[in-house]
Amino acid sequence: MNLKEIIEFVSEIEFFANLDKEETKLLCENLIIETYNAGVFLFRENKKRTSVYIIYAGDVELLKKTPQGEQKRLAYFSMGDVIGEGAFIDDTPHSTSARTVTACTLFSLDRSTIEELFKSHPSLGMKISMQLTKVISKRMRSSNTRFVSLGTQYISGATRTEHDLLGNKEVPNEVYYGVQTLRAIENFDITGVPLNFYPDIVRAFAMVKQAAVRANFALGLLDEDVANAIDEACSHILNGKYHKCFVVDMIQGGAGTSTNMNANEVIANAALQIMGYKKGEYKYCHPNNHVNLSQSTNDAYPTAIKIAIIKRNKVLVRSLLDLIAAFHVKGDEFAHILKMGRTQLQDAVPMTLGQAFEAHATTLEEEVERLTSNANLFLEVNMGATAIGTGINSDPDYTRRVIGHLREITGLDIISARNLVEATQDTSSFVMYSSALKRLAIKLSKISNDLRLLSSGPRAGFNEINLPAVQPGSSIMPGKVNPVIPEVVNQIAFKVIGNDLTVSLGAEAGQLELNVMEPVIVQSIFESVEMLINGMNTLRSRCIIDITANEERCHEMVMNSIGIVTALNPFIGYEASSQVAKEALEPGRGVYELVLEKKLLSKEEIDNILKPENMLKPRKITNGKNARKE
């Protein structure tokens, strides 16, 4: 590659658009051409900035490490994008990592060269610094409640004119969405949570559109070049590209039309670039005429959402299984520790601490099947229904073909609904799945209640277990540590329960051939799923795995409890047991000493009866004095 070609390429990049020809040439003369295989880290989080990279060919992902140590993708970059641009200013540590997704050709500029260039040519440094400020400003404006969109790049100020039913509108040149998405952004500034907050939804729409274009091409309804470009654009989205362009708010009017059009416009403009045209030249590839061919929002939207829920449910179940495993570990660890069981917050009968934790594991295991079974309801879709289920504007063979392609693309056993009119207006599968989420949330909340009670104290409470101290508990009471992890899980449960009510109300609000409340149903379910995943991961990693037992305290409470009299009942009788229990309520008296004092049993007999293995499971008991000699 010669200098002229490099200059032509760099001149087309928005980041350097404000440089004059001499400044662009000077910059390009100092660029180093580098090639990388897939999977190579260009820079790592918390490491010193050393270089700026310009992508000439290939794809790069930006990653952020989660508290659990996983690498989470934040953005996806390709040809013409600039990464690590903070090195233009200083060498402070990177806040993210960058890794090549495919084989890449890059232009790099190291820190020492940057410093020399800016020192010898201050105007060059000033212009690049100003452009970097614009990038940061754009990213801040594109932030949402979860993360700043690091994939948001440059605003040149240039626009393209697009039109719809309501007239013309100027759309920023840099964006891949179009006029209808822009109107939705203006109309639905509701939650601040855009579609790209949930990558599974974005990918599911790409799957639906890819299946549709393959079916339409097979039916002879699309030219090969258009179909291939749309198909390729969908593949790019499945690989993580263009996600930052899915910007419509999760809650919206219009039964999901804005979401569907956001997908149609992004895919159309990406396809146009693949074919060598400019964004907005819709006569070559149109969001409605080509990308949305044989579809309506009323079948594409629910189908994509159902696929997304199935995919996300698998992540939810994995988090649940990890939590269950953590409870089983504690069950084994605490299997030998005798403690007092309680009913109605009163002493009941002895058990082991291990049994308590095994009970938590078992009750959660039931939810694995429930979640999986209810998620499988989403395998039935109404793709091909178009507007109301009659299939208007689709080929007679379209439904069969598009379902086949969906099965192939998703890897799921998707089937077509028996009655597409019914399926288009029915949202009962969402109600069923939401109910499973609520059931899981209720169980998690009950478990959290137990953990808070058993760890209460440390001097004036149960104090049977110790939760890990993760933060100071009070701004006024020194030394206080609160059970903040179980508390936050309680609060997550309350939100999930409330979201389930929203889903029920939204499902009930359907009218005639369509339920226009699907967006709030979808938002509620995805919010619940995401909170449950994060909540269970937090409960496991920040609480359960580090719980310890106060074994002596547990034993002391058993021996001082009147509850152990229940174990003596078959041997000394109910009347004698009741009398012992009554007297044991007096200060300083215990069941053990009273039984010996009254000579109801010998020390050997009572010690045998109160052995943990004799109190924790059913045992054969015979009448008379022989029972005492077991």
Side-chain angles (χ1 to χ4, degrees), residues 38-39 55 57-63 71-79 81 99-104 149 151 176-177 181 194-218 222 226-248 259-275 285 287 290-293 295 300-315 378-379 381 383 401-414 522 526:
I55 303 175
D59 300 303
V60 176
E61 59 183 352
L62 206 64
L63 305 168
Q71 293 283 0
K72 181 178 180 60
R73 179 187 283 177
L74 296 184
Y76 193 94
F77 297 102
S78 55
M79 185 176 68
D81 284 331
R99 182 172 62 192
T100 57
V101 178
T102 62
C104 290
S149 180
Y176 282 83
Y177 55 77
T181 301
L195 298 173
N196 61 48
F197 188 90
Y198 301 106
D200 287 294
I201 294 179
V202 176
R203 285 190 287 266
F205 266 95
M207 292 176 183
V208 167
K209 299 300 176 180
Q210 192 171 57
V213 74
R214 291 179 182 180
N216 285 321
F217 175 67
L222 286 174
V226 175
N228 288 343
I230 293 173
D231 198 314
E232 185 177 342
C234 292
S235 293
H236 286 324
I237 293 172
L238 291 175
N239 289 329
K241 199 171 182 179
Y242 307 124
H243 281 218
K244 63 180 180 286
C245 305
F246 287 76
V247 293
V248 174
T259 296
N260 188 41
M261 286 308 302
N262 193 165
N264 290 335
E265 290 175 343
V266 170
I267 293 169
N269 281 311
L272 285 169
Q273 285 196 329
I274 290 168
M275 290 190 291
C285 182
H290 299 111
V291 182
N292 201 59
L293 181 63
Q295 304 154 66
Y301 180 83
T303 298
I305 293 304
K306 289 179 176 182
I307 292 170
I309 293 176
I310 292 172
K311 298 288 187 180
R312 201 61 185 161
N313 182 70
K314 293 180 180 179
V315 179
F378 296 128
L379 291 170
V381 302
M383 200 65 183
R401 288 181 179 272
V402 76
I403 293 295
H405 286 298
L406 268 179
R407 291 170 67 93
E408 178 185 355
I409 293 166
T410 63
L412 302 173
D413 295 327
I414 293 173
V522 172
F526 272 90

Test item: Asn262 side-chain N/O and Val247 main-chain N/O as donor-acceptor pair under 3.5 Å: yes
Smallest separation among heavy atoms of Phe205 and Ala263, with atom names: CD2-CB, 4.0 Å
Side-chain donor or acceptor of Asn216 paired with backbone N/O of Leu293 under 3.5 Å: yes
Rounded distance (nearest 0.5 Å) linking atom NZ of Lys314 with atom CD1 of Ile309: 13.5 Å
Set of side-chain contact (heavy atoms from CB on, under 4.5 Å) partners for Ala227, sequence neighbours left out: Val213, Phe217, Leu222
Residues that Gln273 engages under side chain to side chain donor-acceptor pair (under 3.5 Å), provided they are two or more places apart: Tyr176
Ser235: partners by side chain to side chain donor-acceptor pair (under 3.5 Å), with sequence neighbours left out: Gln210
Partner residues of Arg73 under the side chain to side chain donor-acceptor pair (under 3.5 Å) criterion, sequence neighbours left out: Glu61
Thr100 side-chain N/O to Val60 backbone N/O, donor-acceptor pair under 3.5 Å: no
Side-chain touch Ile307/Leu406, heavy atoms, less than 4.5 angstrom: yes
Set of side-chain contact (heavy atoms from CB on, under 4.5 Å) partners for Ala300, sequence neighbours left out: Val208, Lys209, Asn260, Gln295
Flag, side chain of Arg203 to backbone of Leu238, donor-acceptor distance under 3.5 Å: no
Side-chain touch Tyr301/Val522, heavy atoms, less than 4.5 angstrom: yes
Side-chain ion pair, Arg312 and Asp200, N-O less than 4.0 Å: yes
Considering all heavy atoms, the nearest Ala233-Ala270 contact: CB-CB, 3.8 Å
Minimum-distance pair of heavy atoms, taken over all atoms of His236 and Tyr242: CB-CE1, 3.7 Å
Steps toward side chain to side chain contact (heavy atoms under 4.5 Å, CB included) verdict (Ile310, Leu412): CA-CA 9 Å; Ile310 292 172; Leu412 302 173; 3.9 Å; yes
Side chain to side chain, Cys234 and Ile267, heavy atoms closer than 4.5 Å: yes
Closest non-hydrogen atom pair, Ile403 against Met383: CD1-CB, 4.1 Å
Closest heavy-atom pair and its distance - His405, Ala215: CD2-N, 3.7 Å
Atom pair CZ/CD1 of Phe77 and Ile55 - distance to nearest 0.5 Å: 7.0 Å
Val202: side-chain contact (heavy atoms from CB on, under 4.5 Å) partners, not counting sequence neighbours: Ile237, His243, Phe246
Ser78: side-chain contact (heavy atoms from CB on, under 4.5 Å) partners, not counting sequence neighbours: Asp59, Asp81, Lys241
Value rounded to 0.5 Å, distance of OG1 in Thr410 from CE in Met207: 6.5 Å
Trace of the side chain to side chain contact (heavy atoms under 4.5 Å, CB included) decision for Leu63 with Lys72: CA-CA 5 Å; Leu63 305 168; Lys72 181 178 180 60; over 6 Å; no
Contact summary for Ala271 and Cys285, nearest pair of heavy atoms: CB-SG, 3.9 Å
Euclidean distance, Ile414 CD1 relative to Glu408 CD, rounded to 0.5 Å: 11.5 Å
